[in-house]
Amino acid sequence: MHFFILQSQDNFQGWMTEPTRLSAGAEKTQKKENVTIQLMKHEKEVDVPSDELVSASTAADQKEQATLEIKDCVHRGTGRPVKRDMIKSLVTDQDASRNCELYLPVSSNCSAMVSSEDSEEDMYRDAEEIEREKMLLCEKSSSECNKLSVAPEIDVMEYCRKEWRGNTPVAKRMKKGYEAVAQKFASIRRVRGDNYCALRATLFQALSQATQLPSWLQSEDFAALPENLLSKYDWIKQWQLKEKPGRKMGEISDEIKEYLMLLRTKWKNISEIKDPTEKQEACDKVFKNEQEEYSLYEALKFLMLNTAIKLYNDDKNGRRVPVFSWLLFARDTSSNPCQLMHNHLNHIGHSGGLEQVEMFLLAYALQYTIQVYRLYKYSTDEFITLYPSDPEEDWPVVTLITEDDRHYNIPVRMCQETIL
């Protein structure tokens with residue numbers, strides 16, 4: 001949307017049309033009436049206080065001549081021009097020496113204008129030219145999709161200096177935290193900040209350090225996991241795939257199986273690479289392919305659901321379960337695996353990320369220990385947190401960094417796959 005810009009008042013929206021050419025006196029009168037009418041109209045539409053309207057109307061009365069020019073409209077926030085004509089009317093309040101800029105659409109049906117312009121333009125272009133333009137747009141889209149979602153490495157302290165320049169207590173704590181990280185790791189890689197960042201950072205570290213295929217990925221029942229679970233739990237058919245809601249049960253089973261097989265293939269191929277540089281290049285390649293990358297995250301989420309079902313059933317049958325499992329199902333929103341899927345797992349990557357207790361679940365699903373430097377907890381016992389807190393001795397370790405338990409980055413260079 002486009003706004004009146006009032007330096008001393010709140011912004012509000014307005015529509016007006018370009019005036020026709022009149023005599024000097026009539027033009028002045030017509031402009032004053034137009035501004036007043038439009039301001040009164042917007043008082044009804046957006047409930048603007050009456051004193052704002054009086055101020056703006058007075059400014060119009062004192063204006064000798066409105067300056068009008070046709071400009072490309074600019075999308076608010078991004079500043080990118082779009083194919084719409086706009087009127088810019090500058091009204092000066094001489095008494096208060098203030099400016100009031102109005103950015104107003106020529107027509108309320110801008111989309112229709114754009115469509116009409118495009119149609120008229122296409123009449124003068126041959127089919128080959130139009131097709132060539134479409135191909136260029138497709139190539140541009142593909143190039144954007146292939147951007148690495150884990151940024152190149154940068155020195156830990158250099159990154160800290162860029163991110164935390166102040167001397168507030170929080171900034172000082174963060175700097176101390178990064179200094180502690182720098183004693184163990186030379187560099188950091190920034191992870192794309194969407195709701196998949198915890199999954200992305202964990203999987204990236206696991207793949208880049210992998211030397212063998214985990215035993216759970218080698219299981220003969222691994223490929224049949226979606227079909228087996230769906231045969232027992234009908235509610236899993238409501239699993240929400242990325243940008244594919246409302247799929248039928250059979251389709252969900254087939255797609256999740258495809259994602260699980262992709263995870264096994266990528267993990268196997270990367271783990272077999274011996275040269276560290278080649279291994280890193282292969283890992284980076286996975287995180288440049290958006291379609292494959294998000295398919296892998298769906299596989300991880302489904303493995304988390306499978307793990308949750310096992311833990312829930314073990315607890316109900318009197319078997320020993322880790323403490324986090326009690327916390328996981330003690331929440332009002334996830335008292336059982338069905339609720340966990342509906343209220344949490346289905347939202348990961350869409351409207352939310354992983355909560356703390358779900359970091360434990362991810363660790364158990366992958367059978368990896370996730371070690372996290374929680375920088376805002378510096379100088380406390382929780383500065384370095386392990387998920388789970390009592391891991392199995394043979395589980396590999398991946399290390400992450402967080403400033404707020406919401407977004408995660410990756411420390412590298414000195415990071416080695418180790419056994420606690």
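Just so it is clear, the values below take in all heavy atoms, side chains as well, and ignore hydrogens, waters and symmetry mates. Keep in mind that this is a model prediction, so the values were computed, not measured.
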Evaluation steps, side-chain contact (heavy atoms from CB on, under 4.5 Å), between Trp164 and Val170: CA-CA 9 Å; Trp164 297 97; Val170 173; 4.0 Å; yes
Lys/Arg N to Asp/Glu carboxylate O, Lys162 vs Glu158, below 4.0 Å: yes
side-chain contact (heavy atoms from CB on, under 4.5 Å) assessment of Leu230 paired with Ile256: CA-CA 11 Å; Leu230 281 163; Ile256 294 177; 5.9 Å; no
Flag, side chain of His407 to backbone of Val191, donor-acceptor distance under 3.5 Å: yes
Trace of the side-chain contact (heavy atoms from CB on, under 4.5 Å) decision for Val357 with Arg331: CA-CA 10 Å; Val357 70; Arg331 298 183 297 183; 3.6 Å; yes
Residue pair Leu354 / Leu361, side-chain heavy-atom distance below 4.5 Å: no
Asp275 atom CG, neighbour heavy-atom count above 12 within 6.0 Å: yes
Interatomic spacing from CG in Leu199 to CE in Met359 - rounded to 0.5 Å: 8.5 Å
Side-chain heavy-atom pair Leu203, Trp267 within 4.5 angstrom cut-off: yes
Main-chain N/O of Arg319 paired with Asn317 side-chain donor or acceptor, under 3.5 Å: no
Beyond-backbone contact of Gln367 with Trp395, side-chain heavy atoms, under 4.5 angstrom: yes
Residue pair Glu163 / Arg190, side-chain heavy-atom distance below 4.5 Å: yes
Arg406 atom CZ: more than 12 heavy-atom contacts under 6.0 Å: no
Considering all heavy atoms, the nearest Phe185-Val412 contact: CB-O, 3.6 Å
Ser208 (side chain) donor-acceptor with Gln205 (main chain) under 3.5 angstrom: yes
Verdict with reasoning, Asp315 to Phe329, per side-chain contact (heavy atoms from CB on, under 4.5 Å): CA-CA 10 Å; Asp315 185 48; Phe329 295 115; over 6 Å; no
Sole residue of Arg200, Arg192, Lys288 in side chain to side chain donor-acceptor pair (under 3.5 Å) with Ser149: Arg200
Side chain proximity check, Ile309 to Ile236, heavy atoms < 4.5 angstrom: yes
Check: Met341 main-chain N/O paired with Lys301 side-chain donor or acceptor under 3.5 Å: no
Between Glu255 and Trp239: side-chain donor-acceptor atoms closer than 3.5 Å: no
Nearest-0.5 Å distance that lies between atom CG in Asp155 and atom CZ in Arg413: 11.5 Å
Test item: Ser271 side-chain N/O and Ala210 main-chain N/O as donor-acceptor pair under 3.5 Å: no
is_close_aromatic(Tyr259, Phe302), centroid dist under 6.0 Å: no
From CA spacing to verdict: side-chain hydrogen bond (donor to acceptor under 3.5 Å, both in side chains), Glu227, Ser253: CA-CA 6 Å; Glu227 184 180 354; Ser253 176; 5.4 Å; no
Sidechain N-carboxylate O distance under 4.0 Å for Glu382, Arg374: yes
Main-chain N/O of Lys274 paired with Lys279 side-chain donor or acceptor, under 3.5 Å: no
Test item: Tyr387 and Leu362 side chains (from C-beta on) under 4.5 Å apart, heavy atoms: no
Over all atoms of both residues, closest heavy-atom pair of Glu292 and Leu262: O-CD2, 3.8 Å
CG on Leu260 to CG on Leu296, rounded to 0.5 Å: 10.0 Å
Any donor-acceptor pair under 3.5 Å from Asn346 side chain to Gln238 backbone: yes
Working for side-chain hydrogen bond (donor to acceptor under 3.5 Å, both in side chains), residues Tyr294 and Glu298: CA-CA 6 Å; Tyr294 289 112; Glu298 290 298 324; over 6 Å; no
4.5 Å side-chain heavy-atom contact, Asn167 and Lys175: yes
Side-chain H-bond candidate by donor/acceptor type, Tyr178 with Glu403, under 3.5 Å: yes
Side-chain (Trp216) to main-chain (Leu366) donor-acceptor, under 3.5 angstrom: yes
From CA spacing to verdict: salt bridge (charged side-chain N to carboxylate O under 4.0 Å, His left out), Glu272, Lys268: CA-CA 6 Å; Glu272 291 175 349; Lys268 182 177 183 294; 2.8 Å; yes
Nearest heavy atoms of Tyr408 and Cys197, plus distance in Å: N-SG, 3.7 Å
Minimal non-hydrogen separation, Ile348 against Gly353, with atom names: CG1-O, 4.0 Å
Separation between CD of Gln356 and OG1 of Thr402, rounded to the nearest 0.5 Å: 8.0 Å
Minimum-distance pair of heavy atoms, taken over all atoms of Gly177 and Phe383: O-CZ, 3.8 Å
Donor-acceptor contact present, side-chain Ser231 to main-chain Asn228, <3.5 Å: yes
Check: Ala224 main-chain N/O paired with Asp221 side-chain donor or acceptor under 3.5 Å: no
Value rounded to 0.5 Å, distance of OG1 in Thr369 from CG in Asp390: 9.5 Å
Distance in Å, Ile273 CD1 paired with Thr211 OG1, rounded so as to fall on 0.5 Å steps: 12.5 Å
Closest non-hydrogen atom pair between Leu213 and Gln218, with its separation: O-NE2, 2.6 Å
Check: Phe360 and Thr307 side chains under 4.5 Å, non-hydrogen atoms: no
Within 6.0 angstrom of Trp235 CH2, more than 12 heavy atoms from elsewhere: yes
